[in-house]
Number of protein chains: 2
Amino acid sequence: MHVLVPYTNQNPKSRLAPPLSRSERHEFSLAMLHDVVDAVRETGHEPELLLSAPLDEGTAGDGADESSTVDDTGSRPETEFDAGPVDSLSATIDDRPLTAAVNGALDRIGGETSAVAIVMADLALATPAALRRLFAVGGDVAIAPGRGGGTNALVVRDPAFSVDYHGASYRDHRRIAEEAGLAVDTVDSMRLATDVDEPADLAEVLLHGRGRAREWLQDAGFGIDTSDGRVGVDRS
Amino acid sequence: MHVLVPYTNQNPKSRLAPPLSRSERHEFSLAMLHDVVDAVRETGHEPELLLSAPLDEGTAGDGADESSTVDDTGSRPETEFDAGPVDSLSATIDDRPLTAAVNGALDRIGGETSAVAIVMADLALATPAALRRLFAVGGDVAIAPGRGGGTNALVVRDPAFSVDYHGASYRDHRRIAEEAGLAVDTVDSMRLATDVDEPADLAEVLLHGRGRAREWLQDAGFGIDTSDGRVGVDRS
């Protein structure tokens with residue numbers, strides 16, 4: 001199976017501001033990417049990154065930092081950038097929006113292999129076991145639905161399928177498959193359903209994460225807060 | 001396995017107001033209960049209801065309706081109440097808060113059987129397959145974590161365990177088990193992780209539900225709304 005991991009370092013995870021500053025969002029999103037890549041590798045597949053720009057771009061303070069975090073000015077020098085283990089992965093640069101970039105990759109790869117997986121880079125709870133369950137699902141198209149109608153990961157086994165990540169993509173992907181006469185199946189996974197977009201999602205990473213993203217949050221002072229009766233995060 | 005389904009009909013699902021009126025919340029929560037009971041039955045187990053009051057109590061307009069829904073005054077006559085298929089289930093009435101009621105039931109049942117499952121009544125996406133996966137998990141305690149740190153379903157195989165549903169119960173249940181020297185395992189299920197508490201959760205029911213709760217929402221005019229770029233619900 002050819003596994004693609006799309007990732008953007010152009011102002012990633014903007015909905016995590018606040019509580020995270022721009023440069024913190026860069027670091028945290030890179031930590032999540034590392035966790036996803038590690039989980040894919042443990043399934044026995046070497047992922048290919050699908051990047052909006054080279055990994056070492058976009059990490060400097062390219063613009064005012066809209067966060068009020070006091071000890072982080074957003075002007076982290078670019079020379080500090082270290083992509084770590086993912087730097088050695090094969091990567092394709094495509095600066096088009098996600099849907100066009102993924103469909104371009106499907107067109108390019110589809111003829112060469114019988115199955116292409118697309119796994120989002122913000123699945124900080126992904127485990128090898130959860131990914132193996134997705135990869136084992138039958139159907140021309142296998143979907144790991146995301147909370148809120150999204151498509152967090154999928155496996156495409158027929159070149160007649162194309163993606164459309166805009167809006168309620170889970171429903172759209174079912175429709176696209178149906179119109180092409182393709183069979184769809186899903187995997188029932190909380191870990192793959194949890195993409196990290198909003199501050200509330202950070203609690204899921206603290207509670208259920210096992211890798212760098214959880215460690216990054218802990219090092220940054222985040223912890224679980226239940227003081228108002230609901231579960232959220234606070235920062236010390 | 002003895003399967004308990006706790007359910008309250010005393011102002012259930014208050015966080016769904018708005019968009020649902022008080023009597024609508026009663027109907028909708030009962031629809032979810034039916035779906036959960038159906039899913040449990042299909043696994044081959046006849047559930048026992050753990051009720052805060054008899055099922056036919058609490059359905060009348062017992063207080064002002066805080067919802068602004070025009071065509072529903074909250075004064076639905078009690079005589080219309082029909083609990084349907086769940087009315088024939090064995091039921092225990094315990095008006096204590098959830099934690100005390102479940103621990104009371106565990107004390108009562110624990111000596112008679114080797115495993116007690118507690119499945120929340122608002123798991124509108126629960127399927128027999130997801131429940132079978134939970135029931136098959138090993139460990140003295142098997143947990144289906146809920147979004148936001150909750151415990152949506154669990155299986156208890158050792159009388160040394162007790163529940164505490166207040167706050168981040170997933171973390172607390174792990175701690176309680178650890179302190180009693182018990183092994184904990186989890187099931188990775190989006191369907192069991194999705195309890196329906198807030199308006200945003202209604203989108204999950206519309207997208208992934210298969211039973212009465214989804215049908216109830218559709219009949220009440222709810223649909224998926226993606227007009228602002230995110231996935232929510234609207235009502236016609």
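Numbers restart at 1 for each chain; the letters A, B, ... are given by sequence-line order, proteins then strands.
At a 4.5 Å heavy-atom cutoff, A203(A) makes no contact with chain B through either its backbone or its side chain. Both the backbone and the side chain of R147(A) come within contact range of chain B, judged by heavy atoms closer than 4.5 Å.
When all heavy atoms of H208(B) and P145(A) are compared, the closest pair comes out as CE1-CB, 3.6 Å. Heavy-atom minimum distance, E204(B) versus G149(A): OE2-N, 4.4 Å.
For the atom pair CZ (R191(B)) and OG1 (T186(A)), the distance works out to 6.5 Å, reported to the nearest 0.5 Å. Interatomic distance, CZ of R15(B) versus CZ of R230(A), reported as 4.0 Å (0.5 Å rounding). Rounded to the nearest 0.5 angstrom, R171(A) CZ and T226(B) OG1 are separated by 6.5 Å.
For chain B, the option among G148(A), G150(A), A130(A) with the highest count of heavy-atom pairs below 4.5 Å is G148(A). When A168(B), A193(B), G167(B) are compared by the number of non-hydrogen pairs under 4.5 Å with chain A, A168(B) comes out ahead.
Residue-environment remark: CD (Q218(B)) exceeds the threshold of 12 foreign heavy atoms within 6.0 Å. The number of heavy-atom neighbours closer than 6.0 Å to CD of E46(B), taken from other residues, nucleotides and ligands shown, is above 12.
A donor-acceptor pair under 3.5 Å links the side-chain atoms of R133(B) to the main chain of D188(A), judged by distance alone.
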